[in-house]
Amino acid sequence: MTPGAVSVTIPPRRALVDDVYDALLSLLMDQEIAPGARLSIDGVARQLDVSPTPVREALTRLEAEGLVLREARKGYTAAELLDAEGLDQLYELRILLEPRAARLATARLDAAARGELAAQLRGMRQAAASDGAEAGFRNYRDFAERDAAFHHTIARASGNPLLADAIIRLRSHVHLYRLYFQHGIADDTADEHAAILTALEAGDADAAELAMRTHLETSRARLVPRADEAAE
């Protein structure tokens, strides 16, 4: 994608680093910025009607998350999709972190967090119900966002900010990858999240940890072979 094709604008009064970051992340997630595409700081700044400074800072954040790359004298490019080996390694790390977060969250989950998780699961169900050719990318993107939010809520409820931050950063990679493979996983994924929520609501730390681990291992089994197929 060339800078002139950027389709998101930000009102001048909202020209903050977080706004620019959200806009760029949305463009990456929506595939409007293709993997490997060059990103011009000045070009993006013009299209978003902001100064180059918040664009530069937002790109630095995205670089730290591995979603954009910077090369000396070449500037920024959107990261390529993870290959099967990279995706498998990413899941290996998530399996080390997220079941522990679910266990910790069991004792700390308050009514507000429970309400958020229930709402996120309902949203996933609604998006899954309208999945298909006609619904297309928009509904799957909504599903993936609610999926990510569900995991983020649990991570934050763990009571360990460093653990939560690590999990949230990793989720961007899976989110980006899953948007390229949209079909056939929504219902099963929602059911797995429901099992996690049931364990959390029951206050069963062992069951919550196991449900999260099972979900991640199943998700890895669904997605890693698709990475192999994409590489062929």
Side-chain angles (χ1 to χ4, degrees), residues 1-11 14-71 74-87 89-91 93-94 120 123-124 127 135-152 155 165-183 185-186 189 219 223-224 226-227 230-231:
M1 174 181 167
T2 60
V6 174
S7 62
V8 172
T9 59
I10 296 175
R14 298 189 64 233
L16 303 171
V17 174
D18 286 348
D19 297 314
V20 175
Y21 170 87
D22 288 342
L24 285 170
L25 183 61
S26 178
L27 291 168
L28 289 165
M29 297 304 186
D30 287 351
Q31 307 176 49
E32 292 189 50
I33 297 177
R38 294 287 300 274
L39 291 165
S40 162
I41 291 175
D42 290 338
V44 171
R46 285 194 297 271
Q47 294 301 318
L48 299 182
D49 195 21
V50 298
S51 72
T53 298
V55 175
R56 188 176 293 107
E57 294 181 19
L59 287 171
T60 298
R61 287 174 57 182
L62 291 166
E63 181 188 10
E65 295 173 3
L67 296 179
V68 302
L69 305 174
R70 182 178 60 177
E71 294 185 58
K74 291 185 178 180
Y76 289 94
T77 59
E80 298 287 352
L81 290 180
L82 293 172
D83 59 15
E85 182 180 6
L87 189 60
Q89 291 171 353
L90 177 61
Y91 268 101
L93 183 54
R94 290 187 65 201
Q120 290 150 3
M124 291 173 67
F137 176 78
R138 185 182 302 276
N139 286 328
Y140 189 84
R141 184 182 188 279
D142 181 63
F143 177 90
E145 287 180 346
R146 293 179 184 277
D147 180 340
F150 186 95
H151 285 262
H152 294 176
D165 184 64
I167 291 169
I168 290 168
R169 287 177 182 273
L170 291 175
R171 285 292 300 173
S172 293
H173 294 275
V174 178
H175 188 175
L176 181 64
Y177 196 94
R178 288 178 63 177
L179 291 176
Y180 284 75
F181 301 100
Q182 301 176 19
H183 305 297
I185 69 172
T189 302
S219 180
L223 290 180
V224 171
R226 297 193 180 198

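With rounding to the nearest 0.5 angstrom, the CG atom of L62 is 11.0 Å from the CG atom of L69. Interatomic distance, CG of L67 versus CG of L24, reported as 10.5 Å (0.5 Å rounding). Interatomic distance, CG of L93 versus CG of L170, reported as 5.0 Å (0.5 Å rounding). Residue D22 holds its CG atom at 11.0 Å from CG of L27, rounded to the nearest 0.5 Å.
Closest non-hydrogen pair, G66 versus A79, comes out as O-CB, 3.3 Å. Contact record, A78 with L28: CB-CD2, 3.8 Å, taken as the closest heavy-atom pair. Heavy-atom minimum distance, R169 versus A64: NH1-CB, 3.9 Å. The minimum heavy-atom distance linking A127 with D142 is given by the pair CB-OD2, 4.0 Å. Across all their heavy atoms, A58 and V20 have their closest contact at CB-CG1, 3.8 Å. Closest approach of T189 and D147 over heavy atoms only: CG2-OD2, 3.6 Å.
By the side-chain contact (heavy atoms from CB on, under 4.5 Å) test, D42 is found to be paired with S40, R46, P52, residues two or more places apart in sequence or in another chain being considered. Listed by chain and number, the residues in a side-chain contact (heavy atoms from CB on, under 4.5 Å) with E57 are V17, T53 (sequence neighbours excluded). Residues meeting the side-chain hydrogen bond (donor to acceptor under 3.5 Å, both in side chains) test with D18, sequence neighbours left out: R61. When the side-chain contact (heavy atoms from CB on, under 4.5 Å) test is applied to A149, the partners found at least two apart in sequence or on another chain are Q120. Considering only residues two or more places apart in sequence or on other chains, E63 meets the side-chain contact (heavy atoms from CB on, under 4.5 Å) condition with V68, R70, Y76. For R56, there are no side-chain hydrogen bond (donor to acceptor under 3.5 Å, both in side chains) partners at least two apart in sequence or on another chain. Here E65 pairs with nothing under the salt bridge (Lys or Arg N to Asp or Glu O under 4.0 Å) rule; sequence neighbours left out.
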